[in-house]
2 protein chains.
Amino acid sequence: MAVRELLTKIGDKWTILVILSLDLLGGRARFSELERAVPGISQRMLSSTLKNLDRDGLVIRELFPEVPPRVEYEITALGKSLLRPTQGLVDWAKANWEQVREAQSKHDAR
Amino acid sequence: MAVRELLTKIGDKWTILVILSLDLLGGRARFSELERAVPGISQRMLSSTLKNLDRDGLVIRELFPEVPPRVEYEITALGKSLLRPTQGLVDWAKANWEQVREAQSKHDAR
DNA sequence: TTCATAACTTACCTCGACGTAAGCGACTGA
DNA sequence: TCAGTCGCTTACGTCGAGGTAAGTTATGAA
């Protein structure tokens, strides 16, 4: 089932944060910009997350052979289209997370 | 950010499959029914997944003290509301997964 | 008195996600 | 000659998700 694969991908720790940040940055940004835009991410994880996104066709990597090197990442149409259902989840979380919290508290109280 | 927590939850291997299956079964089902409805899941994982869903208020667990025991799980309104954005992801995967596959193939070919 | 039943729990193990820290390559400016 | 810059990669260690298999509980049926 493709849904499972999709959820495995976007369910990891950084993927969604990176795509959302890239979108917020105007759809195109350098490695170091993303590093700053996603607080707490390490270079290792940002690099591997972007590599996966690139492989999946959700972003495009463009290397400018300068020194020091410049690399820009751009969100693709496919990547942008994923933002819509993602936003649905974001909205759900905003609207209902408090209720989940309460359920947890009640449950743990017993 | 609550979205991260939400994604961690539903991004695991079984949660979404269990909720979707429970819904397909009419919103209410026994442990063994779910076991059959979610192929490949072990009792251990089904048990812990349901425990989490219960704690989060997405399903309700009802125990009938018979022998052998009967336990029924019912999806809550909160749980049902989560199905909507989830369906958005399902639809996206259905519509776009082929494209992701192609991107991967092209990428790997190089 | 042994068996089967439903719904678990427990013990044990593996494997990969993730974190941290350091190194690297090619060039520029001081 | 040396440090600084950017975008990485490599090495190493931890931790927890998840798999497998077996045990548990109470009772009625054979």
Side-chain angles (χ1 to χ4, degrees), chain A residues 1 3-19 21-22 25 28-56 59-75 107 110, chain B residues 1 3-19 21-22 25 28-56 58-75 104 107 110:
Chain A
M1 201 209 258
V3 188
R4 273 261 60 255
E5 299 181 60
L6 173 62
L7 277 166
T8 303
K9 280 187 178 303
I10 69 173
D12 72 1
K13 192 162 178 186
W14 299 110
T15 297
I16 285 297
L17 291 181
V18 169
I19 302 195
S21 299
L22 184 52
L25 290 172
R28 187 174 180 94
R30 299 183 62 168
F31 186 89
S32 49
E33 291 181 273
L34 286 167
E35 214 179 335
R36 268 174 267 127
V38 184
I41 198 169
S42 66
Q43 289 188 327
R44 195 178 87 90
M45 290 314 295
L46 179 55
S47 171
S48 89
T49 302
L50 287 170
K51 207 176 281 183
N52 284 329
L53 289 173
D54 181 31
R55 184 173 114 92
D56 295 342
V59 308
I60 286 181
R61 187 188 115 110
E62 192 174 358
L63 163 70
F64 299 84
E66 311 166 351
V67 172
R70 179 161 58 100
V71 178
E72 293 188 4
Y73 294 89
E74 189 173 6
I75 197 168
H107 184 98
R110 291 191 291 125
Chain B
M1 201 207 257
V3 189
R4 273 260 63 253
E5 299 181 60
L6 173 62
L7 277 165
T8 304
K9 279 189 179 303
I10 69 173
D12 72 2
K13 189 161 180 187
W14 299 111
T15 296
I16 284 297
L17 291 180
V18 169
I19 302 195
S21 298
L22 185 53
L25 290 171
R28 187 174 179 92
R30 299 184 62 170
F31 187 88
S32 49
E33 292 182 273
L34 286 167
E35 215 178 334
R36 267 173 270 126
V38 184
I41 196 169
S42 68
Q43 289 189 328
R44 194 177 87 90
M45 289 315 293
L46 178 55
S47 173
S48 89
T49 302
L50 286 169
K51 206 176 279 182
N52 284 330
L53 289 173
D54 181 31
R55 184 174 114 92
D56 295 341
L58 301 178
V59 309
I60 285 179
R61 187 187 116 111
E62 192 173 356
L63 163 71
F64 300 85
E66 309 166 355
V67 171
R70 179 160 58 101
V71 179
E72 293 188 3
Y73 294 88
E74 190 174 5
I75 196 168
Q104 290 174 353
H107 184 98
R110 292 188 290 127

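To find a chain, count down the sequence lines: A is the first, B the second, and so on, and within it residues start at 1. Predicted model, so just to flag it, every value in this text is computed and none were measured.
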[atom2] on [Y] to [atom1] on [X], rounded to 0.5 Å:
| X | Y | atom1 | atom2 | answer |
| --- | --- | --- | --- | --- |
| B/Leu22 | B/Ile19 | CG | CD1 | 8.0 Å |
| B/Glu35 | B/Ser21 | CD | OG | 12.5 Å |
| B/Met45 | B/Leu50 | CE | CG | 10.5 Å |

In whole angstrom, what separates [X]'s [atom1] from [N]'s [atom2]?
| X | N | atom1 | atom2 | value |
| --- | --- | --- | --- | --- |
| B/Glu72 | C/dA7 | CD | C1' | 13 Å |
| B/Phe31 | C/dA6 | CZ | P | 12 Å |
| B/Glu35 | C/dA7 | CD | P | 8 Å |
| A/Arg36 | D/dG7 | CZ | C1' | 13 Å |
| A/Leu46 | C/dT20 | CG | P | 14 Å |
| A/Lys9 | C/dA17 | NZ | P | 10 Å |

*Using a cut-off of less than 4.0 Å, is there contact between a side-chain N or O of B/Ser32 and OP1 or OP2 of C/dA7?*
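For B/Ser32, the contact criterion (side-chain N or O under 4.0 Å from OP1 or OP2 of C/dA7) is met.
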*asked:* Any residue in residues 62-71 of chain B with a heavy atom nearer than 4.0 angstrom to DNA chain C? Just list them by number, or reply none.
replied: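 Only B/Pro68, B/Pro69, B/Arg70, B/Val71 qualify.
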_Among A/Arg28, A/Arg30, A/Arg61, exactly one meets salt bridge (charged side-chain N to carboxylate O under 4.0 Å, His left out) together with A/Glu72. Which residue is that?_
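So the option named by the test is A/Arg28.
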*B/Asn52 and B/Thr15: side-chain contact (heavy atoms from CB on, under 4.5 Å), yes or no, with the steps?*
CA-CA 9 Å; B/Asn52 284 330; B/Thr15 296; 6.0 Å; no
_What I'd like to find out is whether the side chain of B/Leu17 reaches to under 4.5 Å of the side chain of B/Thr49, using heavy atoms alone._
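Not touching, per the 4.5 Å side-chain cut-off.
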_Side-chain heavy atoms of B/Leu53 within contact of B/Val18, under 4.5 Å_ =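 They are in contact (side-chain heavy atoms under 4.5 Å apart), so the answer is yes.
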*nucleotides 10-24 of chain D: protein proximity per nucleotide (B base, S sugar-phosphate only, - neither; heavy atom, under 4.0 Å)*: BB------BBB----
_The test is side-chain hydrogen bond (donor to acceptor under 3.5 Å, both in side chains); show your working for A/Thr8 and A/Arg4 and say whether it passes._
CA-CA 6 Å; A/Thr8 303; A/Arg4 273 261 60 255; 3.2 Å; yes
